[in-house]
Number of protein chains: 2
Amino acid sequence: MNNIETALCPKVEAAFTLLAKKWTGLILFSMASGEYCFNELMAAIPGLSARLLSVRMRELEEAGLVKRQVRDELSPIRVTYSLTAKGSSLAAVLLKIAEWANN
Amino acid sequence: MNNIETALCPKVEAAFTLLAKKWTGLILFSMASGEYCFNELMAAIPGLSARLLSVRMRELEEAGLVKRQVRDELSPIRVTYSLTAKGSSLAAVLLKIAEWANN
DNA sequence: TTACTAGCTTACTAATAGTAACCGCCTATG
DNA sequence: CATAGGCGGTTACTATTAGTAAGCTAGTAA
């Protein structure tokens, strides 16, 4: 048999752990271009609930993949979310998963 | 605000749903090259239990990403798992996630 | 005979996700 | 002024998934 040459480094494990949480991949993928507000993302990802979107956005913010901005010059106050550089480089890979899915 | 131009097609959703199950990504990634038997995968992926590995392998087999072979010419009987063409094209994308993780 | 390995499965508990209702703030309408 | 509605969530409760530990079948090995 083969032995496994790609050792699992903690960073790789962490990346897969993040993406293994439900909706995380789809959220990042959906955010690939531009800024979105909470309800836009809700509308873009059918089945995703406000509770989990809220939880995931906090996780992604903490992971440094997403930036949250309160735009209080608008009325009513809007909150927009956008990918950081780190986030959008990951989203680029996720676009390849979508390509793969389409064969 | 932006509108989201990447419509979520069912195939893309299905791909992310598969990868959102815990360990699926790591399993495919770990299988990227060659054949592995059950206990090799267990050893390669710390934290993964026999129960879930068994469940995941069945799912991946059903999804057509993994091929299971019982090698009864060996004693004791060995079972080996390898990626199908479909599986290894996905694993190639997962390798990019690992690259991303290493920055 | 006893022990050990491979490849699982089963029963049970803990963690994660889904559902529905509700909140505070602001604006628009009657 | 009252009330209705949208935005961006939170809370409480249920259902689904994952983790843990034990055990099982079949085949060596000592």
Side-chain angles (χ1 to χ4, degrees), chain A residues 1-4 8 13-28 30-31 34-63 66-82, chain B residues 1-4 8 13-14 16-31 34-63 66-82:
Chain A
M1 307 291 147
N2 269 297
N3 47 333
I4 293 180
L8 283 185
E13 266 195 69
F16 280 110
T17 299
L18 193 81
L19 291 172
K21 297 199 161 201
K22 204 162 174 186
W23 304 110
T24 303
L26 272 178
I27 291 170
L28 289 171
S30 297
M31 290 180 71
E35 283 192 344
Y36 302 98
C37 52
F38 195 88
N39 284 340
E40 282 177 327
L41 288 169
M42 289 284 286
I45 307 173
L48 173 56
S49 69
R51 191 180 76 83
L52 272 204
L53 178 55
S54 159
V55 170
R56 289 295 173 264
M57 290 321 254
R58 248 178 288 146
E59 291 168 354
L60 292 173
E61 214 190 329
E62 223 171 291
V66 161
K67 190 174 46 178
R68 181 180 189 272
Q69 281 170 289
V70 179
R71 324 219 39 198
D72 50 3
E73 77 276 11
L74 294 173
S75 183
I77 289 169
R78 287 288 177 102
V79 178
T80 60
Y81 297 92
S82 53
Chain B
M1 308 291 145
N2 268 296
N3 47 331
I4 293 180
L8 284 185
E13 265 194 72
F16 280 110
T17 298
L18 192 82
L19 291 172
K21 297 197 163 202
K22 205 163 174 186
W23 305 110
T24 303
L26 273 177
I27 291 170
L28 290 170
F29 170 76
S30 297
M31 291 180 71
E35 283 191 344
Y36 303 99
C37 52
F38 196 88
N39 284 339
E40 282 176 326
L41 288 169
M42 288 284 286
I45 307 173
L48 173 57
S49 69
R51 191 180 76 83
L52 272 203
L53 179 55
S54 159
V55 170
R56 289 294 173 266
M57 290 321 254
R58 250 178 287 148
E59 291 168 353
L60 292 173
E61 215 189 329
E62 224 171 290
V66 161
K67 191 174 47 178
R68 181 180 189 272
Q69 281 170 289
V70 179
R71 323 220 39 198
D72 51 3
E73 77 276 10
L74 294 173
S75 181
I77 289 170
R78 286 289 178 100
V79 178
T80 60
Y81 297 92
S82 53

Proximity to the side chain of [X] - top-ranked nucleotide from [options]:
X	options	value
B:K21	C:dT9, C:dA17, D:dA18	D:dA18
B:V79	D:dG9, C:dG7, D:dG19	C:dG7
A:R68	D:dA18, D:dG9, C:dT9	D:dG9
B:Y81	C:dA6, D:dT10, C:dC8	C:dC8

From A:R58 atom CZ to A:L53 atom CG, the distance as rounded to the nearest 0.5 Å: 10.5 Å
Could you measure the distance from the CG atom of A:L28 to the CH2 atom of A:W23? Nearest 0.5 Å is fine.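 With rounding to 0.5 Å, CG (A:L28) is 14.0 Å from CH2 (A:W23).
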Below the 4.0 Å mark, does [N] have OP1 or OP2 next to a side-chain nitrogen or oxygen of [X]?
X	N	result
B:R78	D:dG27	no
B:S54	C:dC8	no
B:S49	D:dT20	no
B:W23	D:dG19	yes

Might you work through the salt bridge (Lys or Arg N to Asp or Glu O under 4.0 Å) test for B:R56 and B:E59, ending with a clear yes or no? CA-CA 5 Å; B:R56 289 294 173 266; B:E59 291 168 353; 3.2 Å; yes
Distance in angstrom units between [X] [atom1] and [N] [atom2], rounded:
X	N	atom1	atom2	answer
A:M57	D:dT10	CE	P	12 Å
A:L52	D:dT11	CG	P	15 Å
B:E59	C:dC8	CD	C1'	16 Å
B:L41	C:dG7	CG	C1'	12 Å
B:M42	D:dT20	CE	C1'	12 Å
A:N39	D:dT10	CG	P	13 Å
A:L48	C:dA17	CG	P	11 Å
A:I77	C:dT27	CD1	P	9 Å

Taking for each residue the nucleotide of DNA chain D with the nearest heavy atom, is it B:V55 or A:A50 whose nucleotide lies nearer the 5' end? A:A50
Taking for each residue the nucleotide of DNA chain D with the nearest heavy atom, is it B:K22 or A:R58 whose nucleotide lies nearer the 5' end? A:R58
Between B:M31 and the options B:V66, B:L60, B:L26, the side-chain contact (heavy atoms from CB on, under 4.5 Å) test singles out B:V66
B:M57 side chain reached by B:L41 side chain, heavy atoms, under 4.5 Å: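 Side chain of B:L41 against side chain of B:M57, heavy atoms only: contact under 4.5 Å found.
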Can you find a donor-acceptor N/O pair under 3.5 angstrom joining the side chain of B:R51 to the base of D:dT20? yes
